Structure formats: structure tokens, C-alpha cells
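These numbers come from a predicted model, not from an experiment. Naming convention: chains lettered A, B, ... in sequence-line order (proteins, then strands); numbering from 1 in each chain.
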Amino acid sequence: MTKLQRNKVELPISSVYSALETNSLKEVFIESARLIRADIIETTQTNLLDTLTELIKEIPPEKVLSSIERGNTEWDAWLQANTTTWNPTLGSKNIQHAEQATVGLTYCDHALAESGTVVLLNENNKGRSVSLLPEIHVVLIPTNSIIPRLQKSMTMLSERIKQGKPIPTCINFITGPSNSADIESYLVVGVHGPLRTIYVIIDEET
Amino acid sequence: MPLKIKSGPFKQRLAFELNNDFMRKAVSSAQDGLGVRRDIATDQLGEWEKWREAGQEIRQHTVNNLAHYLEQFSEQATKSGAHVFFAKDDVEATNYIKQIAERKNAKKIVKSKSMVTEEIGLNAALESIGCEVVETDLGEYILQLDDHDPPSHVVVPALHKKKEQIRDVFVEKLNYKKSADPEELAKHARYTLREKFLEADLGITGCNFGVAESGSICLVTNEGNARLVTTIPKTQITVMGMERLVPTFEDLDVMVSLLTRASVGQRITSYVTLLTGPKKQEEVDGPEELHVVIVDNGRSKILGTDFQEILQCIRCGACLNVCPVYRHIGGHAYGSIYPGPVGAVLTPLLDGYEDHKELPYASTLCGACTDVCPVKIPLHSLLLKHRQKIVETEGKAPISERLMMKAFGFGASTNSVYTGGSKMAAVSLKILLKNKQSISNGPGLLKEWTNSRDFPTPKQSRFRDWMKEREGTKND
């Protein structure tokens with residue numbers, strides 16, 4: 001296809017970059033996440049499983065749905081003991097699991113500091129429903145996956161297209177719990193999607 | 001055409017809405033609230049004017065090269081496994097969608113919010129072949145339950161409704177037993193609609209943006225219903241106005257950044273969802289079949305005309321949120337599913353002047369809409385262009401205005417007629433004086449003024465005479 005002539009306007013720079021001169025990506029991310037009513041838990045790689053065990057201790061494994069694959073024996077054992085796993089061979093039964101689950105547990109591909117957003121690329125069978133149907137969405141966010149803003153996610157997608165690589169059939173930019181202001185402009189948190197969103201931020205250790 | 005929501009003369013609609021105190025209060029408080037939030041969000045982003053310029057360039061470039069990008073979009077979408085259908089009008093679009101529903105034997109349909117499906121009258125078309133169509137956006141759901149009350153805002157469709165009215169509708173239609181608290185109402189809708197999602201055969205969405213380089217559909221939402229519509233049913237149909245494209249993902253960043261801030265003052269909405277093709281075979285959820293219906297319905301006729309810039313619109317509703325006329329008359333008075341400044345420009349273009357010739361006059365031309373538009377559409381200039389066209393080429397100016405203009409033309413044609421006429425005006429207006437202070441019940445055209453405020457007392461003498469006299473005294 002022919003390339004069209006275009007006089008692109010030079011892209012303006014978001015103020016998130018000035019915030020990042022004095023604060024870390026993690027600090028800016030947390031500040032944005034608080035604004036959109038996400039609950040925040042900070043932990044470390046070492047303490048992660050303990051943190052999660054504590055978080056879901058009152059919820060039976062069949063009510064915790066996860067679609068995380070880490071290829072790590074300790075993780076796999078924990079998932080086996082504490083959660084129900086999104087299992088493609090079970091077909092639409094997974095959706096029923098998701099619908100009845102209290103918690104959906106996901107691992108984000110990256111996160112956006114400017115808006116407190118987590119990005120989930122739904123490929124390799126992660127399941128669209130896991131972050132959508134349960135009442136609580138718990139999403140794991142490694143500190144090193146936080147990037148400044150939407151622009152970089154979009155550039156990454158453009159790059160994939162230019163290299164002729166397919167992109168996932170579904171990509172979700174999720175920012176806090178679902179909400180609506182359709183009744184008298186009053187903000188209701190929790191409508192069709194999760195009623196609560198918990199961000200578990202994982203510091204890498206040196 | 002389903003674009004039209006109210007019948008009866010414009011003035012009658014106005015009189016009705018002006019007496020709706022709750023609606024007027026709701027609209028002004030929503031305008032104020034959204035305005036503050038928009039200002040905070042745009043300030044926070046920084047360099048808002050530059051962002052607007054970038055948005056304008058993207059949309060102008062796309063609309064100028066629409067055929068190219070439509071071709072690219074449909075090629076890429078097809079490659080990803082979607083079926084793309086171009087519909088020249090509402091009939092073609094609804095017939096195609098009805099055929100899919102029939103082929104899939106789909107009886108239960110869930111829908112997320114979409115203005116273009118309202119424009120083509122999709123729900124009625126599907127109901128005519130025995131489908132149950134459920135609107136799942138909370139605002140649209142409320143309106144649908146309330147015997148298809150039309151939307152009054154492009155983003156907040158049930159803005160004109162009181163929570164008590166909504167409770168009454170829920171009590172009547174859903175056997176609801178709780179209070180008018182928005183939290184309780186929303187929760188009830190959540191549980192009622194969850195059932196509908198789980199049993200639906202077909203999901204229908206609108207489209208905020210189509211990305212030409214990948215054939216992706218971008219949905220910008222807060223409630224999560226559009227995600228459910230595109231996750232559970234086996235078949236998905238997305239209906240897109242033909243102008244809703246951006247060339248690349250990098251352009252999409254700018255447009256989403258502008259849209260969520262201009263529209264509801266959010267840095268980003270709860271969900272921005274990018275969908276490319278149907279689900280892969282090994283994936284569990286998502287539609288097996290995806291159709292994208294691209295709707296012209298009068299849009300291509302706007303290309304190349306004085307009004308082309310209206311096709312830049314991204315339906316953010318920011319112009320409604322600042323318009324002083326919308327503030328007072330609300331959405332329904334416009335008589336179109338597209339109200340406010342954008343509706344006053346777009347409706348006559350899509351549906352003709354005949355039924356909508358008053359809309360370009362429902363504006364003070366203050367230009368607030370133009371100032372706030374995130375893609376810099378010169379809305380108030382387009383309204384003026386409409387007026388010009390209505391008077392000059394369509395010959396549809398109101399008779400009283402035509403007579404008045406003729407009379408003025410005659411009166412101003414020679415010096416003697418003008419002098420005599422303006423002297424007489426002061427005298428004749430005096431007859432109408434109620435209490436020697438002001439005129440409150442004028443005849444003919446003057447009535448339009450005196451309906452809502454008094455007309456000031458004419459002066460005893462004309463300015464010219466006063467000036468002449470004063471000059472005379474000075475020279476003495």
C-alpha cells in the first residue's frame with residue numbers, strides 16, 4: 001500500500017516526565033493508582049507468596065481463579081494449593097469458574113505510571129474472563145514492568161505490526177475497578193466488571 | 001430515520017424542556033462537575049493546546065485520506081480473521097446484522113453503548129425478527145427499561161433522569177425492592193445483567209476507534225460491559241461509523257489521551273480494550289466469529305463539503321458540557337440522538353434540513369464549543385455556515401424573518417426612508433409601553449423577545465437628533 005504524505009505535528013510531552021525527574025516510576029504509579037481507587041499492597045519477590053497467602057486466606061481455592069504461568073516449581077505448588085487454574089482443555093467450564101470466583105489473579109505485562117494502569121496482553125491462553133468476571137481482581141505488578149505512559153505501549157504494538165508479527169486478539173488497559181456515573185452523576189465503583197481491584201507491587205531484590 | 005427522537009415543532013419541544021426543572025438542574029450540575037474534572041485532567045497532562053493540535057492533525061489527515069485508511073483497515077481486519085461489511089445506509093447495515101442473527105439462530109443479544117447503532121435503528125430491526133436486545137451500559141439500560149426513553153447526552157445518556165424515577169422504573173420492570181441509592185440501583189443492574197451476558201448468543205458493540213495498521217477495534221469504557229459483550233457470546237458484531245479510524249497505534253495514543261480527558265476528565269477510563277480478530281482456536285473466551293460493519297449513512301456526502309471538519313468528531317461530548325444552550329434546553333429538545341453543538345451541525349447533514357432547520361439557530365455562537373473541542377472542530381463557524389446555507393440556498397428562513405429582512409432592506413435603501421422610519425419607530429413602540437418602563441408583551445417578532453424578557457423603553461429622540469442638537473449647543 002502506498003505511503004501517504006503527512007505533516008505530523010511534533011508530539012507534545014506529558015507532564016508525567018517532569019514528575020519522574022524527582023520521583024521513581026513506582027512512586028508515580030502508586031500516586032496515580034490511589035486516585036482511581038485501586039488498593040495497593042507492596043511486597044518483595046521473596047515475600048510474594050506469603051503476601052498472597054495472607055491476602056486470600058479466607059477464600060477457598062475454588063473461589064480463586066488464576067491464569068499465571070511462571071514455570072517455577074514453588075509458584076506452581078502454591079497455585080495448585082491455593083487457586084483454581086484457568087485450564088484451556090476444560091473449554092467453557094473456565095468461564096463458569098470465573099463467574100463464580102471471588103478473586104481473579106493475573107500478572108500484568110506492563111503498567112503505566114501516568115494513569116495507574118495495568119496492561120494485560122491476552123495471549124497464550126490467559127483468558128479474558130479472569131480479570132473481568134470475579135468480584136475482586138488481584139493483579140501482580142513487578143516494579144520493573146512500570147513504564148511512563150500509554151505512548152510506549154502503543155509504540156511497542158506499532159513495532160510488532162511493522163515487524164509483521166501478530167498482536168494478541170485482546171489487549172486490556174485496566175485502570176482500577178469498574179465504575180459508572182450514569183445515575184445523577186454519582187460515582188458508583190463496581191458495575192459490570194470487578195467491584196475491587198488490588199494491585200500487588202513486587203519489588204525486585206538486589 | 002431513527003436519528004430523530006422527538007416530533008412536534010422545535011418551539012413546542014423547547015417550551016416543554018424549559019419547564020423541566022430537574023433536567024435543567026441536572027444538566028447544569030453535570031456541566032459544572034465535568035468541566036472542573038476536564039480542566040484538572042487537561043492541566044495535569046500539560047501542553048493541552050499542543051495535544052489538541054496533534055489530535056486535529058491525526059483526524060484531518062485520516063478524513064482527508066479516508067478511502068485509503070478504510071481499505072487498509074478492512075484488509076488488516078480481514079487478515080486477522082474478521083468479516084468486514086460496508087453498509088451504505090441504515091437499511092443495508094441492519095439487514096446484514098439481521099442476517100447474521102438469523103444464520104446464528106441468535107435470540108438473545110447483549111449490546112454495549114453505541115451511538116451509531118441508535119442512528120441506524122438497530123434494536124428495533126432486531127426486535128422485528130424476534131430477538132431480545134438488551135442494552136448493558138447502565139444509562140442505556142435504564143432508558144431501555146423506561147419504554148425506550150431517548151438518550152439526552154452522547155456520553156451520559158440518562159442525564160435527565162432522577163434516581164427516584166429510575167427506582168420507580170426498576171420497581172415496575174424488575175421487581176426491585178430497594179432504595180433510590182445509586183449504589184443499590186447499580187448493584188441490582190449488575191446482577192440482573194450478569195444473567196443476560198451469560199446466556200447471550202450474540203454481542204454487539206460500537207467502536208471508539210478503528211486502527212488501520214492492524215485492523216483492531218478500540219473500545220473506551222468504564223463499566224466493563226463492553227468487555228463482557230466481547231468475551232462471552234460466540235459471535236460479535238462491531239458497528240463503526242466510517243470516519244472513526246486512526247492510521248496507527250501511535251496515533252491511537254494521542255486520541256485516547258484526548259478523548260478520556262475531554263469527555264469525562266479521566267486520565268484514562270477503567271478499560272481501554274483493543275480487539276484484533278476473533279479468538280484464536282486455542283483460546284477459551286472471546287468470540288469465534290467477528291463482524292465489523294462499517295456504516296456510511298450519509299457521511300461520505302459530507303466529505304469535500306464546507307462541513308467536512310465535523311467528520312473529525314470523536315463523540316467525546318465536551319461541546320455539550322460547555323454549551324449555554326444545551327445547559328438550558330437539555331438533550332431532548334434538539335430532537336436528535338446527537339444533541340448539543342455537534343448534534344446541531346451533524347444532524348441536518350445526516351438527516352436533511354427539513355426536520356432540523358432550527359438546530360443551527362439553537363446556539364449563541366459564543367464559541368465555547370470550538371474552544372473545548374479536543375480535535376479543534378470549528379463548531380460555531382459550521383453552525384454559521386448552516387445558517388447561511390439555510391437562508392441563501394435552501395430558502396428555508398422563517399417567513400417572519402424573510403419579511404423583516406425585506407422590510408429592513410427597503411427601510412435602509414434610501415436616506416429619507418431610513419430617517420422617517422427610525423423616527424416613527426420610537427413613536428410606535430411607545431404605544432406598546434405597559435408602565436412607561438418597558439414592553440413586556442410585544443406583537444409579532446418582538447414577542448420572541450418579550451416572551452422571556454422585557455424590551456427596554458425607546459428613547460424620546462433618536463441618537464442622530466440628540467447628537468445634532470448637542471453639536472449645535474457646543475458651537476454656540
Heavy-atom contact with chain B under 4.5 Å, split by part of A/S67: neither
Only pairs of heavy atoms separated by less than 4.5 Å count here; which of A/K93, A/R149, A/K8 has the most with chain B? A/R149
With a 4.5 angstrom heavy-atom cut-off, could you sort out which part of A/I174 is near chain B: side chain, backbone, both or neither? both
Salt bridge or not between B/K113 and A/D182? Use side-chain N to carboxylate O under 4.0 Å. no
Determine the option with the most heavy-atom pairs under 4.5 angstrom with chain B, choosing from A/P12, A/A98, A/G116. A/P12
Side chain, backbone, both or neither of A/L150 within contact of chain B (heavy atoms, under 4.5 Å): both
Quick check on the interface: out of A/G176, A/A19, A/C170, who has the most heavy-atom pairs with chain B under 4.5 Å? A/C170
Is the side chain of A/R128 donor-acceptor paired with the backbone N or O of B/T230 at a distance under 3.5 Å, no angle test? yes
Heavy-atom contact with chain A under 4.5 Å, split by part of B/Y141: neither
Is chain B contacted by the side chain of A/L157, its backbone, both, or neither, given a heavy-atom distance below 4.5 Å? both
Proximity breakdown for A/L90 and chain B, heavy-atom pairs closer than 4.5 Å: neither
Thinking salt bridges, do B/R194 and A/E99 make one under a 4.0 Å N-O criterion? yes
Say whether B/E223 and A/S180, considering side chains only, have a donor N or O and an acceptor N or O under 3.5 Å apart. yes
Short side-chain to backbone donor-acceptor contact, B/S270 and A/P177, under 3.5 Å: yes
